Amino acid sequence: MAAKIHSYRPQVRIIHKHSTEIQQQLGDLGSVTLSKNLYAPAGEFQVMFPDMPLHQGGGWPGGPNITQRKSLYDILDVMDPIEIWLKRWQDGSGNDTDWVPMLRGFIRSVARQEQVGGDGRVQRQVVITGHDCGAAFIMEQIANYLTVINENIPVPPVLEYLRKFELTPEAMALPDFIWNLATESTKDIMDTAGWSFGKAFSVKKGYALPWVAFGAEGPVWEMLKRYTDTPWNELYVREGGGGPELVFRP
């Protein structure tokens with residue numbers, strides 16, 4: 001008896017603003033590319049859609065009732081939250097399970113491009129690129145204020161949480177310092193997008209001096225890397241079942 005060969009097609013789900021699925025707009029010419037690096041602050045993605053009207057009859061699943069001939073170029077905006085899920089296997093039962101979250105983050109660019117195919121026809125595409133939630137550590141910047149320890153001088157919002165330490169040189173457990181710096185400094189960006197970091201810390205050793213942070217400037221990520229004691233420890237963002245997770249491990 002000949003063995004049966006089961007074939008399957010990997011599936012993708014693209015969720016815009018936590019509710020609207022737009023993967024149906026990929027058609028046969030669309031593509032999804034993801035890239036993550038353990039030593040990079042944020043993963044990257046690029047999605048290419050054919051530039052065509054959204055359901056010419058009007059409306060699209062889970063979204064507003066669009067009566068005009070608009071494409072995704074008119075709907076997607078920079079800093080919109082986006083999720084990309086992949087599914088490799090399909091058991092034939094019809095159960096909508098086994099989806100794996102690959103990226104949760106932000107759209108950073110929305111563009112149009114066109115090219116001439118081999119048949120001489122012009123192909124127009126909507127291209128969106130962006131990063132996972134680790135991008136918040138790049139977008140949020142720290143400014144160096146030499147007189148910030150004075151009570152009458154406002155503390156930069158990104159370091160406001162250090163007020164509770166009374167700006168003393170008292171040492172703080174390293175995992176607590178990393179978690180507070182990462183979450184408090186990016187709170188506005190994450191809350192606006194509807195994201196929040198889960199905590200996946202397994203580093204137990206080490207101390208930090210919070211007041212030293214006032215001598216830093218640049219992206220929050222640079223300060224985080226400065227205190228994580230790499231390469232002995234690793235700090236990165238991964239996708240958990242319920243949301244993005246910040247991992248700090250030996």
Side-chain angles (χ1 to χ4, degrees), residues 6-37 42-115 117 121-136 189-190 192-196 198 237-245:
H6 296 278
S7 63
Y8 62 90
R9 180 179 182 180
Q11 300 178 62
V12 62
R13 176 181 290 167
I14 306 173
I15 304 175
H16 177 237
K17 290 187 175 181
H18 307 289
S19 60
T20 305
E21 296 191 14
I22 58 176
Q23 68 274 357
Q24 67 272 15
Q25 300 296 325
L26 288 170
D28 295 328
L29 300 177
S31 66
V32 179
T33 304
L34 299 171
S35 174
K36 289 205 174 191
N37 188 316
E44 302 177 351
F45 74 87
Q46 181 187 74
V47 184
M48 303 179 70
F49 299 94
D51 192 3
M52 61 178 62
L54 291 169
H55 294 276
Q56 297 184 18
W60 59 318
N65 183 22
I66 301 173
T67 57
Q68 301 176 352
R69 290 173 57 86
K70 294 185 176 181
S71 75
L72 284 176
Y73 185 80
D74 304 293
I75 305 301
L76 306 178
D77 291 316
V78 173
M79 291 305 295
D80 281 352
I82 194 165
E83 302 174 55
I84 299 177
W85 295 62
L86 296 180
K87 180 178 181 181
R88 181 179 183 184
W89 303 105
Q90 188 165 0
D91 56 14
S93 64
N95 295 328
D96 195 25
T97 58
D98 300 327
W99 285 95
V100 178
M102 299 301 296
L103 185 142
R104 298 180 179 95
F106 314 91
I107 296 175
R108 303 295 302 279
S109 171
V110 182
R112 270 181 165 141
Q113 69 178 29
E114 64 179 22
Q115 57 187 2
R121 297 182 180 180
V122 177
Q123 299 176 353
R124 296 179 174 87
Q125 297 172 314
V126 176
V127 182
I128 62 173
T129 58
H131 298 94
D132 64 20
C133 289
I189 294 176
M190 296 292 284
T192 300
W195 303 121
S196 62
V237 176
R238 73 182 180 194
E239 306 305 331
E245 295 179 342

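These numbers were taken from a predicted model, which means no experiment stands behind them. Quick note: numbers below take in every heavy atom, side chains included, and nothing from hydrogens, waters or symmetry partners.
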Non-hydrogen side-chain atoms of V127 and Q46 separated by less than 4.5 Å | yes
What closest approach, in Å, do G134 and A42 show between heavy atoms, and which atom pair accounts for it?
-> C-CB, 3.6 Å
Between I82 and V47, is a side-chain contact (heavy atoms from CB on, under 4.5 Å) present by the stated rule, with each step listed?
-> CA-CA 11 Å; I82 194 165; V47 184; 5.5 Å; no
Dump the intermediate steps for side-chain contact (heavy atoms from CB on, under 4.5 Å) on Q115 and Q125, then the final yes or no.
-> CA-CA 9 Å; Q115 57 187 2; Q125 297 172 314; 4.1 Å; yes
Partner of E21 under side-chain contact (heavy atoms from CB on, under 4.5 Å), chosen from E83, H16, R13 = R13
With rounding to the nearest 0.5 Å, note down the distance linking CD1 in I75 to NZ in K17.
-> 9.0 Å
Would you sort out whether R112 and S71 count as a side-chain contact (heavy atoms from CB on, under 4.5 Å), showing the intermediate values?
-> CA-CA 11 Å; R112 270 181 165 141; S71 75; 3.2 Å; yes
Shortest non-hydrogen separation from M190 to P244 and the atoms involved | CE-CG, 4.5 Å
Close side-chain approach of V12 and I84, heavy atoms under 4.5 Å | yes
Within a strict 4.5 Å, meaning less than it, do heavy atoms of the V110 and Y73 side chains meet?
-> yes
Output for pair (M48 CE, I128 CD1), nearest 0.5 Å, gives 11.0 Å
Please list, chain by chain and in numerical order, all residues satisfying side-chain contact (heavy atoms from CB on, under 4.5 Å) with A193, sequence neighbours excluded.
-> P81, F106, W195
Would you find a donor on one side and an acceptor on the other, under 3.5 Å apart, between the side chain of D132 and the backbone of G43?
-> yes
Could I get the full list of side-chain contact (heavy atoms from CB on, under 4.5 Å) partners for P101, not counting sequence neighbours?
-> W85, R104, E239
Would L26 and I14 count as a side-chain contact (heavy atoms from CB on, under 4.5 Å) if you check the C-alpha gap in whole Å, the side-chain angles of each, and the deciding distance to 0.1 Å?
-> CA-CA 10 Å; L26 288 170; I14 306 173; 4.1 Å; yes
Mind checking salt bridge (charged side-chain N to carboxylate O under 4.0 Å, His left out) for R238 and listing every partner two or more places apart, or none if nothing turns up?
-> E245
Kindly compute the distance separating CD (E114) from CD (Q123), expressed to the nearest 0.5 Å.
-> 10.5 Å
Is any side-chain heavy atom of Q11 less than 4.5 Å from a side-chain heavy atom of Q23?
-> no
Which atoms form the tightest heavy-atom contact between I22 and F49, and what is the distance?
-> O-CE2, 3.6 Å
To the nearest 0.5 Å, what is the distance between NE2 (H131) and CG (L103)?
-> 9.5 Å
